[in-house]
Amino acid sequence: MSQRASLSLGSVGMVFQGSDGPNAVLDHVDLDVAEGDFLAIVGRSGCGKTTLLRIMAGLQRPTSGRVLLEGCPVTGPEPRVGLVFQHYAATLLPWKRALDNVLFGLSMRRADRGAWRERGLALMARMGLEECAERYPWELSGGMQQRIVLARALIRAPRVLLLDEPFASVDETTRAGLQELLRGLHRTEACSIVLVTHNLEEVIHLSRRVVILGGRPARVERALDTARGLTRETLRSHLSVAGGAA
Amino acid sequence: MVNNRGRLLGAGLVALMLSGWEVASLAGWLNPFLFPPVHAILVGLAESLLDGRLVAAVTASLARGGAGYLIAALAGIGLGTLAGYHPVVRQAIEPIVDLVRPLPSPAIIPVAILFLGIGAAMKIFIVAWACFFPILLNTVDGVRGVPTPLIETARNLGLGYFRTLRDVILPSASPTIGTGLRISLAIMLILTVVAEMVAGSSGIGYLILEAERTFRVAEMYGFILALATVGLLLNRGFLALDRRLLAWHHAMQRRSTP
């Protein structure tokens, strides 16, 4: 695996201006996501993980520090970074069928539409959604909706895929299926993955590295290599030290 | 089965009322001048249809009302979208809207006559004024109700400002905007008639008032019945269009309703 960073955060800080004064959420966060990497981010609820993902995707400008995507500064929304929000169902367009949701936002010439539709159908088939192309999102289960959102992110061949607790609201069986799917996609798609999760099993079994955010404002407290036999108990104890909760 | 029984009952009640009116008028139990027999009302209505007066009047009313409604729709949806999407715009217009909106629209008629005279322009303006606010407010609500993750998804997918408005904001807000348009449709008819009664020489409102002033009471009721029918048809037509254009929304609601 090449060590060149797909995504690099340098001393990223984020301070929100609230009604009762400034609220520092992130402080001096340094993070590199290498090409092909699978990085998990864990930390206590409300510590700033979602804010960090939004900064990575260019949806939020950090108050300080810099974000580089393949060496270039991220200054705004970045289509090369795919983002799957925690409330994924709310990101689907209810007036469009599943396939149209997958293809939504793509800039395509009329002549290319057929090819894109074929590509979309092929991707949906790989995700077990071959029967769903003409159905509306609200006719589908949570697991299917989640896969449509993933397909929409992947059809653009992102360099980095950011996932914000993607499996938090599905049942155990569906979550296991989606985790397997994600593992398979990481093997076949040429993108790095950053996964925010509270599920330690996902960290252990899916990711190659895990970063623990802790403190207030949050910063990187620990960076661990999950490939070196990291156990759930060890991870939990690190989390406790950093003030994390899982 | 329940719907059909309900509808039959409703139709039966109407028939009973009209029959009672007919009998009471003919028998003199109701003042036949104030309550002419139903058959006389229907005959007067048929005559005005055959001689073209009613069709010409309804056409003129709908043309003026429709023009005002269209202006209100464009302005209301346009400004409402901006105000719903940009808090600074909403905060800027809120004091003016809150001050002006509670004014009964007929109270603006003298102002409109002063500036625009008593012709079509005045009537179009009054209708546009009255219809504007429900459309504006519903559009603001609809746009503000678009889920933030949906807007951020559009940004993340690389949609620019106008594409986000066109492809995400407006479709998402369309059910609420549709409610505002439907409310304003009834207002359109009301204000068209009122404006024609105050300062008109044509239209269904003028016909109704003229019939009253010349003591053609049966004809007056006939024109009112025609007006009610126009209102019913407009509403039904709007609902049919709404069901077609927002089929996804209605299907989604049916699915989520136990």
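So you know, we letter chains A, B, ... as the sequences are listed, proteins then strands, and number each from 1.
The stretch residues 48-61 of chain A places A:R54, A:A57, A:G58, A:L59 near chain B, each with some heavy atom under 4.5 Å from a heavy atom of that chain.
For B:R155 against A:P77, the heavy-atom pair with the smallest separation is O-CB, 3.1 Å. Taking each heavy atom of B:R255 and A:E139 in turn, the nearest pair found is NH2-O, 3.5 Å. Closest approach of B:D167 and A:W95 over heavy atoms only: O-CZ2, 3.3 Å. Looking at every heavy atom in both residues, A:W138 comes nearest to B:W248 through CZ2-O, 3.4 Å.
The neighbour count for B:Y161 OH, taken as heavy atoms of other residues, nucleotides or ligands under 6.0 Å away, is above 12. Summarising the local packing, NE2 of A:H87 is surrounded by 12 or fewer heavy atoms from other residues, nucleotides or ligands at distances under 6.0 Å. Shown here is B:R144, whose CZ atom has no more than 12 heavy atoms of other residues, nucleotides or ligands within 6.0 Å.
The closest side-chain heavy-atom distance from B:N156 to A:E78 is not below 4.5 Å.
Using a 4.5 Å cut-off between heavy atoms, B:T148 makes no contact with chain A at all. Of the two parts of B:A247, neither the backbone nor the side chain holds a non-hydrogen atom closer than 4.5 Å to a non-hydrogen atom of chain A. For a residue to count as touching a neighbouring chain, one of its non-hydrogen atoms must lie under 4.5 Å from one of that chain's; by this rule B:P147 touches chain A with the side chain only. The parts of A:F104 that come within reach of chain B are both its backbone and its side chain, each placing non-hydrogen atoms under 4.5 angstrom from that chain.
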Query - Candidate pair A:Y136 and B:M252, rule side-chain contact (heavy atoms from CB on, under 4.5 Å), full reasoning - result: CA-CA 9 Å; A:Y136 287 100; B:M252 197 167 76; over 6 Å; no
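Going from atom CG of B:L157 over to atom OG1 of A:T91 covers 8.5 Å, rounded to the nearest 0.5 Å. Considering CG of A:L92 and OG1 of B:T153, their distance stands at 8.0 Å, rounded to 0.5 Å.
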